[in-house]
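Shown next, in C-alpha cells, is the structure this report addresses.
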There are 2 protein chains.
Amino acid sequence: MDLSEIRRAGRPRKSVLDREKILGAALELLNSVGPEKFSMAALAGELGVKPPALYHYVKNKQALLVGMREVVSDSIDISGFGVLPWSEAVGLWARSYRDAFAAHPNAIALLATEPIAGAARTLAMYECVVQGFLAAGWEPNRVMSDIVALESFILGSALDMVAPDDMFDPGADAPQTPGLVEALAAQASLGGSRADTAFGVGLDIMIDGLALTNGLGA
Amino acid sequence: MDLSEIRRAGRPRKSVLDREKILGAALELLNSVGPEKFSMAALAGELGVKPPALYHYVKNKQALLVGMREVVSDSIDISGFGVLPWSEAVGLWARSYRDAFAAHPNAIALLATEPIAGAARTLAMYECVVQGFLAAGWEPNRVMSDIVALESFILGSALDMVAPDDMFDPGADAPQTPGLVEALAAQASLGGSRADTAFGVGLDIMIDGLALTNGLGA
DNA sequence: ACCTGAACACCGTTCAAGT
DNA sequence: ACCTGAACACCGTTCAAGT
C-alpha cells in the first residue's frame with residue numbers, strides 16, 4: 001500500500017503486520033472482491049507485503065478463516081441474556097447475529113462451515129446463549145437442538161442475503177412460471193427487501209414457537 | 001479410469017463424455033473429496049479425460065456448479081402440492097429438500113449460493129411450490145417471503161449437517177463453558193443426531209406458524 | 001465435433017537467506 | 001523474530017493441432 005517505502009529482504013526494524021490487522025484486512029478484502037478472488041496473495045498485496053509473510057501470523061488459509069469468523073462473531077449481541085425476558089434477549093441475539101454476517105455477505109458461506117473448535121471467544125458466545133436458555137427454564141436436553149434450529153434459520157437467512165435480489169427472476173422462462181411471476185410482482189409492490197421481510201416473518205414464528213413448546217406462554 | 005485404452009490426441013470415434021455423465025461424476029467427486037480438492041483437473045481424471053475436454057460440455061466451473069445444483073434439485077419432492085393438504089405437502093417438500101442436499105453434504109455451501117437464473121428445472125420446482133401456496137389460500141404478496149423464510153431454515157439446516165457432530169465440543173476450554181457442557185451431555189443422552197432433532201423441531205414450528213399467520217387453523 | 005498437448009496467469013505453502 | 005525471493009505442486013482456462 002505504502003509505495004514510498006520499498007522493503008528489502010530481512011527483518012524490518014518494526015513489525016509491519018499483526019494478527020488483528022491481518023484479520024481486519026482479510027474481512028474487508030473478502031467483502032470487496034468476493035470469495036472467488038480472495039487469496040493469500042491478494043491479501044498480502046493489500047497489506048503491502050509478500051504472501052509468505054502472512055504465515056508468521058496464521059498457520060494457513062483455513063486458520064485465517066477461523067480467525068475471521070471469530071472477529072465477525074464478536075459483534076453478536078449477547079447482552080440481553082440474564083437481563084431482558086428470554087424472547088427479547090433471543091431476538092436481539094438473532095438480529096445482531098444476522099447483521100454481523102450481513103456486514104460481510106461474501107464471508108457467510110466460507111465462514112459458516114468452519115468448525116468452532118479452538119475459537120475461545122466464539123465458544124464464550126455459545127456459553128452465554130446456553131445459560132440464557134437454562135435460566136429461562138429450558139430442559140437441558142432441549143437447549144442445544146433449539147439453539148441449533150434457531151441458528152440454522154439465522155444462517156440460512158444470512159445465506160439468502162448473498163443471493164442477488166433478482167435471484168428468482170425467471171427471465172426468458174417467465175411464460176412457464178405464471179405463479180412465480182405473480183408472487184414476485186405482488187411481493188415487489190410491498191416494497192422492502194425480500195430477504196429482510198422473510199427474516200422478520202420467520203424469526204417471529206421461531207421465537208413464538210420455541211417459547212410455546214418450552215412452557216413460556218405468549 | 002479405463003487404463004486399458006489410452007487415447008491419443010484427436011476426436012475419438014465415439015464420444016467419451018456427455019453432460020449427464022459429467023454432472024454425476026462431479027457430484028460424486030465433490031461428495032467424496034470435499035470442496036477443497038474438488039477441481040476441474042480432479043474431475044477430468046475421474047472421467048479418464050484431460051481437463052480441457054470438459055469445456056466442450058460446460059462453459060466454466062461456475063456453470064458446472066449450476067448444473068450440479070439442478071441435478072440435486074431434481075430429487076426434491078413436489079408431488080404433494082395440489083394433492084395433499086398444504087401442511088403435509090410442505091413437509092414432504094422440506095424434508096426431501098434437506099435430504100437432497102444431505103446426500104451431497106459438501107455441495108451445500110457451494111451450491112446454495114449459486115443463482116438459479118437459467119436453470120429451467122429449478123425454476124419449475126419453485127413454480128410448483130408457489131402454486132401450492134396460492135391454492136392453499138395465500139395472499140400473493142406473502143408467498144415469496146414465506147417460501148424464502150422456510151427455505152432459509154431448510155438450507156441452514158442442511159448447512160448444519162456439514163458441521164462435525166462434535167462441532168460444539170469445547171475441548172480444553174470446557175471449564176469455562178459449564179452450561180454448554182451440561183446441555184451437550186443432556187442432548188447426547190437422548191440419542192439421535194443433533195442436526196436431525198433440530199430440523200424436526202424447527203420444521204414443525206415453521207409449518208404451524210406459517211399456517212396460523214395465513215389463516216389456516218391447526 | 002471432440003479429444004490432447006502446450007501454454008498462461010494464477011493459486012497455497014515451504015524454506016533458505018537476509019537483517 | 002519478521003520479512004523477501006525462489007521454488008514447488010498445483011489451479012482454471014484458452015487455443016492450436018490432431019482425427
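Predicted model only: the values in this text are computed from it and were never measured. Computation of the quantities below employed the complete heavy-atom set of this structure, encompassing side-chain atoms and omitting hydrogens, waters and symmetry-equivalent molecules. Letters A, B, ... mirror the listed sequences (proteins, then strands); counts begin at 1.
- Comparing B/Pro12 and B/Ala41 by the nucleotide of DNA chain D whose heavy atom lies nearest to each, the residue mapping closer to the 5' end is B/Ala41.
- B/Asp166 has no carboxylate O lying under 4.0 Å from a charged side-chain N of B/Arg194, or vice versa, which leaves the two without a salt bridge.
- Pairing for C/dC10 is absent, with no Watson-Crick or G-U wobble pair whose two atom distances lie under 3.5 Å.
- When distances run from any side-chain atom of B/Ser15 to the nucleotides D/dT4, C/dC2, C/dG12, the shortest one goes to C/dC2.
- Side chain of A/Tyr57 to main chain of A/Leu17: a donor-acceptor pair is present (N/O by atom type, distance under 3.5 Å, no hydrogens or angles).
- Of the candidate nucleotides C/dC3, C/dT13, D/dC11, C/dT13 has the atom lying nearest to any side-chain atom of A/Pro51.
- Of the candidate nucleotides D/dT4, C/dG12, C/dT4, C/dT4 has the atom lying nearest to any side-chain atom of B/Lys50.
- In terms of position along DNA chain D, the nucleotide closest to B/Ser39 lies nearer the 5' end than the nucleotide closest to the other residue of the pair B/Ser39 and B/Gly10.
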Test side chain to side chain contact (heavy atoms under 4.5 Å, CB included) applied to A/Glu127 and B/Gln176, step by step
CA-CA 8 Å; A/Glu127 174 66 13; B/Gln176 279 87 24; over 6 Å; no

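- Atom-to-atom, CE of B/Met40 to P of C/dC3 comes out at 13 Å; the value is rounded to the nearest Å.
- For D/dC15, the paired nucleotide is C/dG5, the pair qualifying as Watson-Crick or G-U wobble because both relevant distances are below 3.5 Å.
- Rounded to whole Å, atom P of C/dG18 lies 20 Å from atom CD1 of A/Ile6.
- For the pair A/Leu47 CG and D/dC2 P, the computed distance is 15 Å after rounding to whole Å.
- The nucleotide whose nearest atom lies closest to any side-chain atom of B/Tyr57 is, among D/dT4, C/dG12, C/dC3, C/dC3.
- Rounded to whole Å, atom C1' of C/dC2 lies 13 Å from atom CG of B/Asp18.
- Rounded to whole Å, atom P of C/dA1 lies 17 Å from atom NZ of B/Lys14.
- An OP1 or OP2 oxygen of C/dT19 is reached within less than 4.0 angstrom by a side-chain nitrogen or oxygen of A/Arg8.
- With DNA chain C read from its 5' end, the first of the two nearest nucleotides for B/Arg11 and B/Pro52 is the one closest to B/Arg11.
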Can B/Arg142 and B/Phe133 be said to form a side chain to side chain contact (heavy atoms under 4.5 Å, CB included), step by step?
CA-CA 9 Å; B/Arg142 288 190 139 184; B/Phe133 276 62; over 6 Å; no

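- The side chain of B/Leu17 lies closest to C/dC3 when the candidates are D/dT19, D/dC3, C/dC3.
- B/Phe81 has its side chain within reach of B/Val90: a pair of non-hydrogen atoms, C-beta onward, lies under 4.5 Å apart.
- Atom-to-atom, CG of A/Leu64 to C1' of C/dG12 comes out at 12 Å; the value is rounded to the nearest Å.
- Atom NZ of A/Lys37 and atom P of C/dC11 are 9 Å apart (whole Å).
- To the nearest angstrom, P of C/dC2 lies 7 Å from NE2 of B/His56.
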